[in-house]
Amino acid sequence: GIVLDASHLSQTADVKCTVANTKVSVVYDSSVSVWFSMLDVTLCRNAVSERGLIDRSLNFSLPDFNGEAEKSFDNWFAPSELSYAIDGIFRPDTPVTLTGTIQMEAGKHVRIVLKIDRESGQIKPEVSINYEDIYYLECPQGFDPYM
């Protein structure tokens, strides 16, 4: 504990914090812009009423890369089950749909990466989902994990 008194008005303390939510990133690799005419990702969290959560749905469309290698869209969610739907048109006219669920845990960073796989002489869409621990998080003043 820290005790402030007249002779010690300035005390310091180290506070260990842990991340209570899950960071979810939707990452578009620039390779998809060449091979897809449309590529949308929708994230949906259903309400968990006993925890006071509400339904939440976000949609991300194929971005304009402007010479960048990838574009990432980051959002924060309370730990729960998150469903995702990936819909696109693989050129010239092949529809691609992928759905699934992710169990989100506190202090994890889930990356949903969309790119083109060029292995084995084939060109095909690839979606990978990576879980990473968050060991350090820069918290600028005014940080709001729900933005």
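Computed over heavy atoms, backbone and side chain alike; hydrogens, waters and symmetry mates excluded. Along the sequence shown, residues carry numbers from 1.
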Student: Taking a hydrophobic cluster as the set of Ile, Leu, Val, Met, Phe, Trp and Tyr residues connected by side-chain heavy atoms closer than 4.5 Å, whether directly or through intermediates, do Val113 and Phe77 fall within one such cluster?
Tutor: no
Student: Under a 4.5 Å cut-off applied to non-hydrogen side-chain atoms, are Leu43 and Val24 in contact?
Tutor: yes
Student: Do you know which two heavy atoms are closest between Ser25 and Ser72, and how far apart they sit?
Tutor: CB-OG, 3.8 Å
Student: To the nearest 0.5 Å, how far apart are SG in Cys44 and CZ in Arg56?
Tutor: 11.0 Å
Student: Once ring pair (Phe, Tyr, Trp, His ring centres under 6.0 Å) is applied, do any residues pair with Phe65, and if so which ones, sequence neighbours excluded?
Tutor: none
Student: Would you check if there is a donor-acceptor pair between the side chains of Thr42 and Asp40 at a distance under 3.5 Å?
Tutor: no
Student: Donor-acceptor check, side chain of Ser31 to backbone of Ile116, threshold 3.5 angstrom: yes or no?
Tutor: yes
Student: Testing the basics here: between Met104 and Ala78, what is the closest heavy-atom pair and its distance to 0.1 Å?
Tutor: CE-O, 3.6 Å
Student: Determine the minimum heavy-atom distance between Ala106 and Pro79, stating which atoms define it.
Tutor: N-CG, 3.6 Å
Student: Side-chain heavy atoms under 4.5 angstrom apart, residues restricted to Ile, Leu, Val, Met, Phe, Trp, Tyr: same cluster for Ile89 and Phe36?
Tutor: no
Student: Nearest heavy-atom pair of Lys71 and Asp64: which atoms, and what distance?
Tutor: CE-O, 3.2 Å
Student: Considering non-hydrogen atoms only, spot the tightest contact between Lys115 and Val32 and give its length.
Tutor: CA-CG1, 3.5 Å
Student: Between the main-chain N or O of Glu105 and the side-chain N or O of Thr22, is there a donor-acceptor pair closer than 3.5 Å?
Tutor: yes
Student: Compare all side-chain heavy atoms of Ile86 with those of Val96 and state whether any distance is below 4.5 angstrom.
Tutor: no
Student: Between atom CG of Leu82 and atom CD1 of Ile112, what is the distance when rounded to the nearest 0.5 Å?
Tutor: 6.5 Å
Student: When you look at Lys108 and Asp133, which way does the salt bridge (Lys or Arg N to Asp or Glu O under 4.0 Å) test go after all the steps?
Tutor: CA-CA 5 Å; Lys108 295 285 186 187; Asp133 290 323; 2.4 Å; yes
Student: Go through the structure and list residues passing ring pair (Phe, Tyr, Trp, His ring centres under 6.0 Å) with Tyr84, not counting sequence neighbours.
Tutor: none
